[in-house]
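What follows is a short report on a single structure.
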Amino acid sequence: MLAVRNCTLYEMIIRDAVEPDLPAIVEIYNATVPTRMVTAELEPTTVEARLPWFRDHSPDEYPFWVAESDGRVIGWLNFKKFLPRCAYRGTAEISVYVDEQFRRHGAGQRLLEEAIARAPSLGITALVGLIFGHNEPSLKLFQRFGFADSAGSPANHHRQLRFVINFLADSGEHDRSVMGA
């Protein structure tokens, strides 16, 4: 089990998510739907609808973590396969969601730090975030951790959805032009 402590603003641990966390995960996710800032979903989802998605994660390959404070899930991060093509082997997409009451208190930062630190042990050499261009807080968070923004890429001429990419190790395994960086 993964457990990381952060005592800067409040006691927080990061741990592997378990099924009883799913209602809190879905609640945090659904709170972002009406904002149209974070997700492309137009309607809230249900725990039942998200159960197969949740079960697709594995602590050893594509983990799903929660940030917890005082026994309450305050945020989450998950890894997922970016694309099935061989050129993207070792690349994972990550998503970070934080309860509105806990934003800008370090939960997203700690989740992202942990993802970057643990990715190599999972065989991941590049992390990708898909972030709407108008989601400045998320873009700034990812850029602060070395993610390159694809906004200038010709492939992203519409600039609605931006790819932010962090090559964790210069292993030569990824062709950066393929990634759009």
Side-chain angles (χ1 to χ4, degrees), residues 1-33 35 37-41 44-82 88-131 135 137-147 164-169:
M1 181 205 296
L2 170 70
V4 177
R5 297 213 178 266
N6 174 6
C7 300
T8 55
L9 296 177
Y10 49 86
E11 187 74 14
M12 180 179 73
I13 63 167
I14 297 173
R15 61 170 174 79
D16 292 321
V18 293
E19 277 189 30
D21 296 323
L22 196 52
I25 290 165
V26 168
E27 183 178 338
I28 291 168
Y29 182 82
N30 282 343
T32 69
V33 172
T35 70
M37 186 140 161
V38 180
T39 179
E41 292 289 342
T45 190
T46 65
V47 170
E48 295 75 27
R50 285 309 224 171
L51 196 53
W53 162 79
F54 181 81
R55 289 179 176 163
D56 280 344
H57 294 83
S58 159
D60 300 322
E61 192 173 10
Y62 294 104
F64 199 123
W65 301 330
V66 293
E68 182 182 285
S69 180
D70 293 325
R72 175 181 173 191
V73 173
I74 63 169
W76 57 269
L77 178 143
N78 72 331
F79 290 76
K80 54 190 159 257
K81 185 179 279 192
F82 180 57
Y88 297 110
R89 181 182 61 247
T91 301
E93 178 187 341
I94 56 173
S95 298
V96 181
Y97 286 79
V98 177
D99 184 299
E100 189 172 10
Q101 294 177 4
F102 291 89
R103 291 182 194 151
R104 293 178 182 74
H105 292 283
Q109 176 178 317
R110 286 294 301 126
L111 285 161
L112 193 52
E113 284 173 343
E114 194 63 25
I116 291 167
R118 293 265 327 270
S121 71
L122 298 166
I124 296 169
T125 57
L127 293 171
V128 176
L130 303 178
I131 303 171
N135 186 346
S138 289
L139 288 169
K140 287 178 183 176
L141 173 66
F142 277 71
Q143 289 167 350
R144 198 167 49 237
F145 284 94
F147 284 74
V164 289
I165 303 160
N166 187 333
F167 294 93
L168 301 172

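Because the structure is a prediction, the values reported are computed rather than measured.
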> Within the distance-only criterion (no hydrogens, no angle test), does the side chain of S69 pair as donor or acceptor with the backbone N or O of E11 below 3.5 angstrom?
Replying inline: yes
> Between the side chain of S138 and the main-chain N/O of N135, is any donor-acceptor distance below 3.5 Å?
Replying inline: no
From [X] [atom1] over to [Y] [atom2], what is the distance, rounded to the nearest 0.5 angstrom?
X	Y	atom1	atom2	result
L77	R110	CG	CZ	11.5 Å
I131	K140	CD1	NZ	12.5 Å
I116	L111	CD1	CG	11.0 Å
I14	E114	CD1	CD	5.5 Å

pair [X]-[Y]: side-chain heavy atoms closer than 4.5 Å:
X	Y	answer
V26	T45	yes
T91	I124	no
Y62	N78	no
E61	F79	no
F82	I94	no
R15	V66	yes

> By salt bridge (charged side-chain N to carboxylate O under 4.0 Å, His left out), which residues pair with E41, not counting sequence neighbours?
Replying inline: none
>> For K80, give me all partners under salt bridge (charged side-chain N to carboxylate O under 4.0 Å, His left out), at least two apart in sequence or on another chain.
In response: E93
If you compare all heavy atoms of [X] against all heavy atoms of [Y], which two are closest, and at what distance to 0.1 Å?
X	Y	value
I28	V98	CG2-C, 3.8 Å
A67	M12	CB-SD, 3.8 Å
R118	P59	NH2-O, 4.4 Å
D21	D16	OD2-O, 4.3 Å
V47	P23	CG2-CA, 3.7 Å
V33	P44	CG1-N, 4.1 Å

>> If the condition is side-chain contact (heavy atoms from CB on, under 4.5 Å), which residues does A24 pass it with, not counting sequence neighbours?
In response: V73
>> Holding to side-chain contact (heavy atoms from CB on, under 4.5 Å), I want the full list of residues that pass it with D56, two or more places apart in sequence or in another chain.
In response: none
> Considering residues at least two apart in sequence or located in another chain, which fulfil the side-chain hydrogen bond (donor to acceptor under 3.5 Å, both in side chains) criterion with Q101?
Replying inline: R72
>> Taking the ring centre of each residue, are W76 and F54 less than 6.0 Å apart?
In response: no
>> Please confirm whether the ring centroid of F147 lies under 6.0 Å from the ring centroid of F142.
In response: yes
>> Quick one, L141 with L112, criterion side chain to side chain contact (heavy atoms under 4.5 Å, CB included). Give me CA distance, side-chain angles, the key distance, then yes/no.
In response: CA-CA 9 Å; L141 173 66; L112 193 52; 3.9 Å; yes
>> Quick test of your reading: applying ring pair (Phe, Tyr, Trp, His ring centres under 6.0 Å), list the pairs with at least one residue in residues 12-32, sequence neighbours left out, ordered by first then second residue.
In response: Y29-Y97
> Do E19 and R55 sit within salt-bridge range, that is, some charged N less than 4.0 Å from a carboxylate O?
Replying inline: yes
